[in-house]
Structure formats: C-alpha cells, structure tokens
Undergrad: 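Handing you a structure now.
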Amino acid sequence: LTSSAKLRSEKQYVGFATLPNQVHRKSVKKGFDFTLMVAGESGMGKSTLVNSLFLTDLYKDRKLLNAEERINQTVEIIKHTVDIEEKGVKLKLTIVDTPGFGDAVNNNECWKPITDYIDQQFEQYFRDESGLNRKNIQDNRVHCCLYFIPPFGHGLRPVDVEFMKALHEKVNIIPLIAKADCLTPNEIKKLKDRIREEIDKFGIKVYQFPECDSDEDEEFKQLDKELKECTPFAVIGSNTVVEARGQRVRGRLYPWGIVEVENQSHCDFVKLRNMLIRSHMHDLKDVTCDVHYENYRAQCIQEMTSKLAQDNRMESPIPILPLSTPDVDTEKLIKMKDEELKRMQEMLNKMQQQMHEKDQ
Amino acid sequence: MAATDVDVFSNEEKRNLSLGGHVGFDSLPDQLVSKSVTQGFCFNILCVGETGIGKSTLMNTLFNTMFENEEASHYQNGVYLRPRTYDLQESNVHLKLTIVDTVGFGDQINKEDSYKPIVDYIDTQFENYLQEELKIKRSLFNYHDTRIHICLYFIAPTGHSLKSLDLVTMKKLDSKVNIIPIIAKADTISKSELHKFKIKIMSELVSNGVQIYQFPTDDEAVSEINASMNAHLPFAVVGSVEEVKVGNKTVRARQYPWGVVQVENESHCDFVKLREMLIRVNMEDLREQTHARHYELYRRCKLEEMGFKDTDPDSQPFSLQETYEAKRKEFLGDLQRKEEEMRQMFVNKVKETEAELKEKERELHDKFEQLKRMHQEEKRKVEEKRRDLEEEMNAFNRKKVAAETLSLSQPLKKDKDKKNRSVKTENQSGVSASSSKVMMAKASVEPLNCQSWWQAIQCCTCLVHNATWKPEGLF
C-alpha cells in the first residue's frame, strides 16, 4: 500500500510517519562526511587497518623514514580525503594521519601538534558559524580518533596515558589493541582487562557507546552488551587477499595457519567496523558536535568575555577570537599588560577618591 | 721477560720435527677440558628490550627452566639493570649463569638517557675485573667474572625498520659488548614481511656503522654453519613455556585460533638457530671475544687515561714498573707541592692576621691616649672652675664679714631711725613706703640674729623676716 492509498483508507492518518523517509531521501541527496584520525607509533598497522576498514588503498605511494631520520622526528598531520559511494549514498571520508607520533627518542609533548590541529578545526568551525554567510560551512572537525596501543607490553605505557589524557576532552577516543595476532585468546583477555582498569585508574574518558533504547529487542540488547564488554577492540588488518576455507578473504598467511581479518573468533575487526561505520558513525558525529565542540565554544567565549571585561572596551559586532594556541611569549606580554592596566586603574580610582574627599 | 730476550727468540727459526712414536701430548685438550669442567663455567647474558617484549620468556625457553620473574611495570622513572645469578647443571658440567634484565627500558616519554645505565653497568663489570687484575695479591682463578659476554637486543616486530631508540642504544653498546639483535614476538610477521624486515634492519645497522657480533668463520669445524647463520641475522624468535599437543607429541608452542606456533619448528621461527649459535656452538667464543677484544679495549682506554703508555717518545718499550714508578714520584711530588702551598698559604694568612691585630691594638692605644688627655683637660678645667668658685666664695665671705662688722658698729643709730620712721608710717604712707623699701633692701642683704621679741622690734630686719610687718598695696 502506498502512503497515499493509506491516507485514503484511514481518515485519522495524518501522514507524518513518512518523515523518516523524507529525512533519508534528503540525506542521501546531501551526502555525508566523516573525519577519522588515526594515532599511534610507527608500525602498529594503522594504515593497513584503515585500508581494511574502507576496502580501499589510501596509502599507495607512502615513503617511510629510516630509524636515524626518526631520532628527532616531529609529528606531522597529513590528511587524505576520498569520496566513496555505496548504494547511492555518498561519503566524503577524511583520514587524518599523524606520522612521527612517539617515534623520536625524546617524545615530550609529542601530542601537541595533534591537539593544536583539533583546536584549529574547532576554531575554524566557530568562525564560520559566527559568520554572516553560513550556507557552505565545511565541517572539518575530527569526529573520531582511533588510538593504537601496542600489544607487546603489559598494558598502557606512559606515552599512551599522556596522549589520551590530552585528547579525551577534545575528541572521541576509541582505543584499539593493534596487531592482535601476536596474542593468544587468554593473553588478549588479560590485556583488555588490564587496559580497562588503567583507563579507569587514570580517569581517561574514552568514547562510550550510548545505551540502547528500552524498547529494542533482546537480541539487539545482548549484542550491544557484548560489544561494550569487548572494548578495547583487538584488531588485525590486512592489505592482501588469501584463500581460506575455500573462500577468498582478507587475511594474513602464516606457516602455521591463516588469520582471517573478518573472522570474529580471530579478532574484533568486524565489531569495530560495524560499530564505527554501520551503527555509530552518526553518534560519533553527534557527540563531537554536542559535547566536544560545545565545550570548546563555551571555553572560548568565556575567555573572550573575561578579557573584554578587563579591557573595558566596547564589544565589537564580530568577536575577535583569541588564538587557540598563543605562544608563550605573547601570552606573557598580554598578562603583563593586563596587570599594568589593572594597576593604573587602581591608581586612577584612588586619585578619584582623594579628589572626592577633598571636595567634601 | 725483559725486552732483549723476546728479540732473541723471534729471530730463531722454528723447525718442524716429526715424531718417531706416540708421545701423548695430544691429550692436552682433554686435560684442559677436564680442568675447566671441574672449575665450572661462567656465562653472563644481558637482555635489552622494551617492557613486555618477551625477554624473560625467551630466557626460560632457551634454558628450559623457569627463572623466577615478576612482570615489570611500565611506569619506572628510569632504566635500571637487574642481574640475577643461577647455578645450572647439565651432565657433569656446571654453569654459573647470570641474566641481566633492563627494567623500564623504552617506557619513558623522554628516552635520551636510557642507554646510560646499561653502558655504566658494562663498564663497572670491566672496572671490577681490571681492579682484580691490578691487585698485588690476586686470585683470578677464583674470581667470579661478571663481565657481560653477550647482549641480546630485542627488536619490536613492527615490520618497518628499527626504532630510533634501538639505533641510538646499539651504537653506544657495539664497542663494549657482543650484540646479537633478535626480532621478538616474531609470530606476528608473515614470511614475506620478515624477509623484507630483516634486510631493512641489517642495512640500517650497516649504514650507521653498528658492529654486531659475527659468528666466527676461522675455525674449520664450525665455519660453515656459522657462515650460514650469519646470513640469517637478526634471528626472528618466539618464546613459550607452555606445552601444546601437536600430533602425538607435546611441544613448546603458542596456541592460536588459527594454528599452533611451535617454538622448535625451524620453519616457524629461528629459535633453534639462536640456541644453536648462542649456547651449543659459540658460547666459548663469546667469552673469548669479550675478554680479548672488548675488555682489552676498555683496559687500554682506562690506562691511557691514567697516563700510562706502551712506548715513550723514543719508541722504546716502557715497562709498567717504570711507568708506575714515574707516576708515583710525580704524584708524590704533586702532593708535596700542594702541601707546601697550603703551608705557605697558612703562614701568609697568619701574618696577615697578626698585622691586622697589631694595627687594631695601635688604634686602641691611640684612642686611649686621646681619652686620657681629654680627661685631664676636663679635670684641669674643673679645677680652674673650683678655684674660681673658691675665690668668689672667699671674696663673698670677706664682704660679708666687712658688712657685718659695719652693721655691728652702727646698731643704735639704726634703731632710732627706725622708730622715727615707724611713727611716720601711720601718717605718711609715702614716706613709709620709701623707708620700707630701704628696710626691705636691708633685710635682703643682712642675716638675722635676734634672740628676743624686743630685740626683733628694735631690729627692723627681724621684723621683716618674721613677716609681722608687711607693706600693703605700695608696690
């Protein structure tokens, strides 16, 4: 029965039940965009995993640095943007890569370029949003950050903790255990428990899956519960296709067996893919807009208004945004000037008072 | 041996003689062997690698025992070395095995100083041996040799290349210890990736001038196998102490959902090659290399630092004794000079202080003199004043006496005058005023001496003094 036929048959039927269809149609026309950041040391399989997730090869002509070149390496931010389409739905996917993270001998504050980048995107969006012409705002904000934890250790390392703490209030962090094919099932369980414990202990706020609605069926709820207990996901990626059990699958060929990337008993790749792309992509975007961006915006405005109150100046129609990362020198200068102004203000007040008393 | 003797021997020609029968010195190696077996052997392994990379597990697997080990934490502030010594026995051969672990390696955010504790540890072991060697009464045969014979460097299986920390650390260690790099947890690298990885690592080591241990190929018996093993470096190893049933055997392995990695299967990993090379073939060579190359280098550097040389400017060989004597004299000379200097300094200081004190004394003395003079001056002044005062008093007394005698000689005349004047007072106040003035004047000058009321009346002065007669409203 078409919607119009329904309309004719039931007089009480208004018809706004078609809203979801309308939303669906409009969004397909508009297309989607998603920005994913991958972070972790070299050699953790980040590029391989991204290729496996989106079934493309984003890193065709990549050049890797030698060990000696990496001794003093700084962190770069490299963006790859691709347009992919599936069943008429267009997705503009941006992958933000962070080569050099954790690779140098001295990694003090190696996460700073990354936090700066995220703040810059927020600032850009803030400006655009406050501007006059808002028709074509481009949203470059980072919606999700996949952090790759090495499987070789006993849990989180200091650099992992520091990185996540620096970013957990700016972006949705999803920690992953990389190269999980070097861990037996027991070892995976132990490591996951340890990492969850340490995340709690250090107060790191990773991305939390939203609670499912109470009217969902039991099977869905069970799946959802399993998903949540499985974090952090232990993943394996592969760029090659191998023959396993009569099928051609993405996998890794070893003398002792074949690891299948999409086999749920081998690793959590499928869970990650489903969560990231098939069910929670939009939620990640929502949390970025509603929580992380709003936090940034509120902080920004607060800083601005307190500065304006100190300066006693008229509010300009287009607010002058503070730099997201003023360097130390200018900050010091600004502070000094502020203090000077305060002092002069006090002196003026005193003099005024004196004059007032004298008049009396 | 003195220098001249050596020359004599090397000039002699050595002739090869053939033996007529079996002498029996072919048992020398056996004698050596039985001696070393009774002595026991000593071997020290240093394992360098990040926390959790599998160092302890590999040691357990290599020596087929469970060395006690707690899991290390990732949150150490720095790197520290933890040596543990074990006594092992196989057949009748005793091995004193020391395993040195690097705890906290690779965990810090700033790893610039990570190599230092390792280098310090190795140097300390060399230093201890050197000290023992230089002792007067030494017992080298009894000495527990703790010098590191082999350093196993654990490389993380990233599949790309060495980490920057690996390169920096190996460069610092290659001149001090035999390094064998191994790829840890190799069951995460597939065969093709492994081949590329090994080539990349070796080329990085070569291009950065890192000298790793080469298995010796000069001994015919083992040269072939050693040469082939050299080509397999770095060894990709997997360690395990768990046993898994494969077929009808129980082997040490790791069980995955997709298969079983057998530790001792040569097509799975290079563990067997490592064990063969490290323990079964080249252990003794490693010890020799440590002593003959690394230790000698350390010793030479150390002694050169202290000023010893092998040849003096004339290229004549120095003997250690002479050098030592010379050094000692120099040292004692230095000491004496220093002592002299100190004594001189002390004497100078004393003189200075003395001079100061004298100066101060003089000053005080001067002050004292000055004060004394002032005091005398004052005293003199006071004396003068006193004399003046005395003179005044005398003058005054004379005047008084004169005045008294004057007044005594004219008492009646005065009384009469007074009577007249007092009558007059009642009538002529003006006159009485003037007379009272005179009375007052007199009263103030002359002292009083009346014994009776009548006399007082006679004597105006007394009246004035007794205040019975006061002029009113006249002044």
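In this text, all values refer to a predicted model and were calculated from it rather than measured experimentally. Every chain is numbered from 1 and lettered A, B, ... according to where its sequence line falls, protein lines coming before strand lines.
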Undergrad: One thing to verify: whether B:Lys116 and B:Asp120 come together as a salt bridge, which I'm taking to mean a side-chain N less than 4.0 angstrom from a carboxylate O.
TA: no
Undergrad: So what's closer than 4.5 Å to chain A heavy atoms on B:Val168: side chain, backbone, both or neither?
TA: side chain
Undergrad: Under a 4.5 Å cutoff for heavy-atom pairs, which residue among B:Leu165, B:Ile189, B:Thr51 has the most contacts with chain A?
TA: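 Highest number of heavy-atom pairs under 4.5 Å: B:Ile189.
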Undergrad: Does any heavy atom of chain B fall under 4.5 Å from the side chain of A:Glu187, the backbone, both, or neither of them?
TA: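 Contact with chain B: side chain only.
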Undergrad: Using a 4.5 angstrom heavy-atom cutoff, name the option from B:Asp107, B:Val261, B:Leu167 with the most pairs to chain A.
TA: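 With the most close heavy-atom pairs to chain A, the winner is B:Val261.
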Undergrad: Quick check on the interface: out of B:His268, B:Lys185, B:Lys200, B:Glu112, who has the most heavy-atom pairs with chain A under 4.5 Å?
TA: B:His268
Undergrad: Heavy-atom distances under 4.5 Å only: say whether A:Asp103 touches chain B with side chain, backbone, both or neither.
TA: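 For A:Asp103, the backbone is the part near chain B, not the side chain.
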Undergrad: Could you tell me which portion of A:Pro150 (side chain, backbone, both or neither) has an atom closer than 4.5 angstrom to a non-hydrogen atom of chain B?
TA: neither
Undergrad: Tell me, side chain or backbone of B:Gln262 under 4.5 Å from chain A's heavy atoms, or both, or neither?
TA: neither
Undergrad: Indicate whether the side chain of B:Arg82 and that of B:Thr102 have a donor and an acceptor atom separated by less than 3.5 Å.
TA: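 Note: B:Arg82 and B:Thr102 side chains miss the donor-acceptor criterion.
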Undergrad: Any carboxylate oxygen within less than 4.0 angstrom of a Lys/Arg side-chain nitrogen, looking at B:Glu71 and A:Arg194?
TA: yes
Undergrad: Quick one: what part of B:His160 sits under 4.5 Å from any heavy atom of chain A, side chain, backbone, both or neither?
TA: side chain
Undergrad: Check this for me, if you would: do A:Lys170 and A:Asp119 make a salt bridge, where the nitrogen-to-carboxylate-oxygen distance has to be below 4.0 angstrom?
TA: yes
Undergrad: Checking the side chain of B:Ser164 only, and the main-chain atoms of A:Glu68 only, is there a donor and an acceptor separated by less than 3.5 Å?
TA: no
Undergrad: Non-hydrogen atoms of chain A under 4.5 Å away: do they reach the side chain of B:Asp187, the backbone, both or neither?
TA: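 Contact with chain A involves both backbone and side-chain atoms of B:Asp187.
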Undergrad: Atom CG of B:Asp174 and atom NE2 of B:His294: how far apart are they, to the nearest 0.5 Å?
TA: 8.5 Å
Undergrad: Side chain, backbone, both or neither: which part of A:Arg252 has a heavy atom under 4.5 Å from chain B?
TA: side chain
Undergrad: Heavy-atom pairs under 4.5 Å with chain B - which of A:Ile236, A:Leu183, A:Asn263 has more of them than the others?
TA: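 Maximum pair count with chain B is reached by A:Leu183.
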Undergrad: Describe, in one word, how the ring planes of B:Trp258 and B:Tyr256 are oriented to each other, choosing from parallel (under 30°), tilted (30 to 60°) and perpendicular (over 60°).
TA: parallel
Undergrad: Stepwise, does the side-chain hydrogen bond (donor to acceptor under 3.5 Å, both in side chains) test hold for B:Tyr153 with B:Asp166?
TA: CA-CA 8 Å; B:Tyr153 196 95; B:Asp166 298 340; 2.7 Å; yes
Undergrad: Find the one option among B:Lys191, B:Gln255, B:Arg254 whose heavy-atom pairs under 4.5 Å with chain A are most numerous.
TA: B:Arg254
Undergrad: Need one label for A:Gln73: side chain, backbone, both or neither, based on atoms under 4.5 Å from any heavy atom in chain B.
TA: neither
Undergrad: Pick one of side chain, backbone, both or neither for B:Ser190, based on which atoms fall under 4.5 Å of a heavy atom in chain A.
TA: both
Undergrad: Answer with side chain, backbone, both or neither: which region of B:Ala72 has an atom nearer than 4.5 Å to a non-hydrogen atom of chain A?
TA: backbone
Undergrad: In a check of side-chain contact (heavy atoms from CB on, under 4.5 Å) between A:Arg250 and each of A:Val242, A:Thr240, A:Asn239, which one passes?
TA: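 Only one of A:Val242, A:Thr240, A:Asn239 forms a side-chain contact (heavy atoms from CB on, under 4.5 Å) with A:Arg250, namely A:Asn239.
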Undergrad: Is any side-chain N of the basic residue among A:Asp200 and A:Arg196 closer than 4.0 Å to the acidic one's carboxylate O?
TA: no
Undergrad: Please classify the contact between A:Glu41 and chain B as side chain, backbone, both or neither, with a heavy-atom cut-off of under 4.5 Å.
TA: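 For A:Glu41, side-chain heavy atoms alone lie under 4.5 Å from chain B.
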Undergrad: Measure up the A:Trp256 and A:Tyr254 rings against each other and bin them: parallel (under 30°), tilted (30 to 60°), perpendicular (over 60°).
TA: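 Aromatic pair A:Trp256/A:Tyr254 classed parallel.
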Undergrad: Would you mind checking which part of B:Glu204 comes under 4.5 Å of any heavy atom in chain A, side chain (CB onward), backbone (N, CA, C, O), both or neither?
TA: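 Contact with chain A is through the side chain of B:Glu204 alone.
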Undergrad: Quick check on the interface: out of A:Gly257, A:Pro158, A:Ala244, who has the most heavy-atom pairs with chain B under 4.5 Å?
TA: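 Maximum pair count with chain B is reached by A:Pro158.
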Undergrad: Does A:Phe101 have its ring centroid less than 6.0 Å away from the ring centroid of A:Tyr117?
TA: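 Aromatic pair excluded; centres sit 6.0 Å or further apart.
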Undergrad: Taking side chain as everything from C-beta outward and backbone as N, CA, C, O, which of these in A:Leu156 sits under 4.5 Å from a heavy atom of chain B? Side chain, backbone, both or neither.
TA: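 Contact with chain B is through both the backbone and side chain of A:Leu156.
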Undergrad: What part of B:Ile53 is in contact with chain A, defined as an atom under 4.5 angstrom from a non-hydrogen atom: side chain, backbone, both or neither?
TA: both
Undergrad: Is a salt bridge present between B:Lys198 and B:Asp270, judged by a nitrogen-to-oxygen distance below 4.0 Å?
TA: yes
Undergrad: Non-hydrogen atoms of chain B under 4.5 Å away: do they reach the side chain of A:Ile71, the backbone, both or neither?
TA: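 Interface part for A:Ile71: both.
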